[in-house]
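Just so it is clear, the structure is predicted and the values come from calculations on it, not from any experiment.
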2 protein chains.
Amino acid sequence: MTKIEVLLVEDQGMVLGALAALLNTEPDITVAGTASNGRAALDLMTKKPPQVLVTDIEMPQMTGLELAAVVKERFPKTRVVILTTFARPGYLRRALDAGAQGYLLKDRPAAELAEAIRRVHRGLRVVDPDLAAEAWTADPDPLTDRERQILQRAGDGMSTADVARELSLSEGTVRNYLSESIAKLGVSNRIEAARLARSKGWL
Amino acid sequence: MTKIEVLLVEDQGMVLGALAALLNTEPDITVAGTASNGRAALDLMTKKPPQVLVTDIEMPQMTGLELAAVVKERFPKTRVVILTTFARPGYLRRALDAGAQGYLLKDRPAAELAEAIRRVHRGLRVVDPDLAAEAWTADPDPLTDRERQILQRAGDGMSTADVARELSLSEGTVRNYLSESIAKLGVSNRIEAARLARSKGWL
DNA sequence: CCAGCAACAGGACAAATGCTCTAAGGTGAT
DNA sequence: ATCACCTTAGAGCATTTGTCCTGTTGCTGG
């Protein structure tokens with residue numbers, strides 16, 4: 001009997017080790033490797049691509065979404081499961097676009113992880129049902145690239161002038177974009193706009 | 001040989017299950033119970049208090065810091081280890097004030113958890129060394145209660161008028177507090193002030 | 001080819017925000 | 001009882017932010 005080989009990617013050492021221990025208690029799954037960021041994961045994969053890659057999203061160096069995109073390109077046989085804290089429709093959409101077969105929340109019971117890996121290994125898709133339903137009805141990202149860039153910086157506390165300087169725009173233009181973003185999101189200032197956009201996974 | 005009995009508290013099901021699996025691989029430790037929030041943990045403890053309680057901080061219903069305080073009061077024999085993502089001096093200080101014997105970051109290698117539990121069980125303290133050093137030199141929270149309240153709301157996007165209404169203050173007063181907070185934190189607007197304060201664990 | 005849209009810019013105006021100052025009452029410590 | 005500090009308030013002023021316009025350019029789908 002051959003076990004399913006899994007590569008785990010997660011930046012929090014404690015969680016990484018714990019997930020590995022969890023998966024190793026499954027008779028049909030083996031943790032073939034672990035990495036704490038996207039780059040390290042890719043290095044490991046060039047030596048021996050695993051059958052399933054389980055990755056977090058928010059990590060230093062390279063996010064799980066970027067990693068998924070590269071894996072789809074260079075290791076098309078490896079299935080990707082995204083394992084994250086964030087129930088954001090925007091993330092889910094980006095994950096599926098990046099070629100992930102699974103999207104699973106850390107909120108769910110531990111047993112679902114092994115089950116998801118088995119299903120994905122069999123060629124099925126696994127998406128958190130609540131989140132899928134939400135994503136179905138969810139409004140798509142109304143922001144343009146420029147609006148996102150500017151909102152991001154404004155949400156980090158940069159002033160209009162700072163943003164204008166960094167992006168080589170006039171202050172008036174920056175204010176226009178912010179005003180437009182605020183209107184599109186139906187809120188009343190840049191702070192709320194940035195918070196809302198982040199919570200939806202648009203930034 | 002009697003094993004160390006541990007109660008695990010963590011709101012993310014996947015992480016909770018994984019940590020349990022991890023600890024159960026240790027010959028001298030047994031997971032006597034798990035809970036996904038502070039209330040549930042207290043219910044379990046009234047039946048049979050464990051020797052060591054390992055808890056996350058940010059959880060719904062009751063935070064790990066509040067839980068630690070109650071445990072110190074009602075179950076003084078149980079040692080408490082805080083296990084969290086956040087390397088914030090403010091949290092560490094509050095944890096120690098609340099009677100926790102250990103403060104450990106999820107960033108650290110998985111092996112440190114079991115080791116920390118053993119040390120704490122033997123009556124020693126365990127604090128992440130980097131964080132301890134930082135906490136030692138770290139500037140204390142310069143904000144007053146009022147300033148914190150107001151900065152919190154402003155950081156959530158509420159306007160000066162909204163805050164004034166909610167706290168039954170005049171707008172001028174609210175602006176005074178914000179101005180004072182901004183000056184104390186050495187930043188240039190309310191957004192940066194709220195971000196900085198949050199990152200230090202002051203909000 | 002043209003309509004539609006994103007990107008960019010600037011002006012004018014209103015509203016919100018931030019700064020500085022003054023001033024009062026309360027509390028806790030020395 | 002004096003000092004230090006928090007809370008509250010208001011006024012005046014400069015700056016920043018947000019809104020509403022008009023307008024140009026360039027790209028893309030039909």
Item to complete: Please determine if B:Glu147 and B:Lys184 form a salt bridge, counting it only when a charged side-chain N lies under 4.0 Å from a carboxylate O.
Response: yes
Discussion item. Quick one: does any side-chain atom of A:Asn37 pair with a main-chain N or O of A:Arg39 as donor and acceptor, under 3.5 Å?
Written reply: yes
Discussion item. Closer than 3.5 angstrom, by distance alone: can the side chain of B:Glu10 be matched with the main-chain N or O of B:Gln12 as a donor-acceptor pair?
Written reply: yes
Discussion item. Taking A:Ala40's backbone N and O only, do any of them form a donor-acceptor pair with A:Asp43's side chain (distance below 3.5 Å, no angle check)?
Written reply: no
Practice prompt. For B:Ser199, enumerate each residue passing the side-chain hydrogen bond (donor to acceptor under 3.5 Å, both in side chains) test, keeping only those at least two apart in sequence or located in another chain.
Written response: none
Item to complete: Could you list the residues that satisfy side-chain hydrogen bond (donor to acceptor under 3.5 Å, both in side chains) with B:Glu115, not counting sequence neighbours?
Response: B:Arg118
Worksheet entry | No-hydrogen, no-angle side-chain donor-acceptor test under 3.5 Å, A:Arg190 and A:Thr160 | yes
Donor-acceptor list for residues 51-60 of chain B side chains, cut-off 3.5 Å, not counting sequence neighbours:
| residue | atom | partner | partner atom | Å |
| --- | --- | --- | --- | --- |
| B:Gln51 | OE1 | B:Glu5 | N | 2.9 |
| B:Gln51 | NE2 | B:His121 | NE2 | 3.3 |
| B:Glu58 | OE2 | B:Tyr91 | OH | 2.7 |

Output a table of nitrogen or oxygen pairs between the protein and nucleotides 3-5 of chain C separated by less than 3.5 Å.
none

Worksheet entry | Heavy-atom protein contacts under 4.0 Å, nucleotides 18-30 of chain D, coded B base, S sugar-phosphate only, - none | BBB----------
Discussion item. So, using side-chain hydrogen bond (donor to acceptor under 3.5 Å, both in side chains) as the criterion, who are the partners of B:Ser179 when residues are at least two apart?
Written reply: none
Discussion item. Using the side-chain hydrogen bond (donor to acceptor under 3.5 Å, both in side chains) criterion, which residues pair with A:Arg153? Sequence neighbours excluded.
Written reply: A:Glu166
Response to the item:
Sorted by number, residues from residues 142-151 of chain A placing a heavy atom under 4.0 Å from DNA chain D are none
Practice prompt. Kindly say if A:Ser159 contacts the phosphate of D:dT16, meaning a side-chain N or O under 4.0 Å from OP1 or OP2.
Written response: no
Worksheet item: What is the distance, rounded to the nearest whole Å, between atom OH of B:Tyr177 and atom P of D:dC6?
Response: 10 Å
Worksheet item: Axis-to-axis angle across the helix from C:dC1-D:dG30 to C:dT30-D:dA1, five pairs an end, to 10 degrees?
Response: 50°
Could you write out each protein N or O paired with an N or O of nucleotides 28-30 of chain C at a distance under 3.5 Å?
none

Item to complete: Rounded off to whole Å, could you give me the CD-to-C1' distance for the A:Glu171 and D:dT15 pair?
Response: 11 Å
Can you list, pair by pair, the side-chain donor-acceptor contacts under 3.5 Å of residues 69-79 of chain A, counting residues two or more places apart and other chains?
| residue | atom | partner | partner atom | Å |
| --- | --- | --- | --- | --- |
| A:Thr78 | OG1 | A:Pro50 | O | 2.8 |

Discussion item. Which heavy atom of B:Lys200 sits nearest to which heavy atom of B:Arg88, and what is that distance?
Written reply: O-CB, 3.9 Å
Worksheet item: Taking atom CG of B:Leu23 and atom CG of B:Leu113, what is their separation to the nearest 0.5 Å?
Response: 4.5 Å
Worksheet item: How close or far is atom P of C:dA9 from atom CZ of A:Arg165, stated in whole angstroms?
Response: 15 Å
Worksheet entry | Gap between atoms CE and P, on B:Met158 and C:dA16 respectively (whole Å) | 14 Å
Worksheet item: Do you see a donor-acceptor pair shorter than 3.5 Å between the side chains of A:Thr173 and A:Asn176?
Response: no
Response to the item:
Sorted by chain and number, sequence neighbours left out, side chain to side chain contact (heavy atoms under 4.5 Å, CB included) with B:Ala41 holds for B:Leu7, B:Val9, B:Ala35, B:Leu67
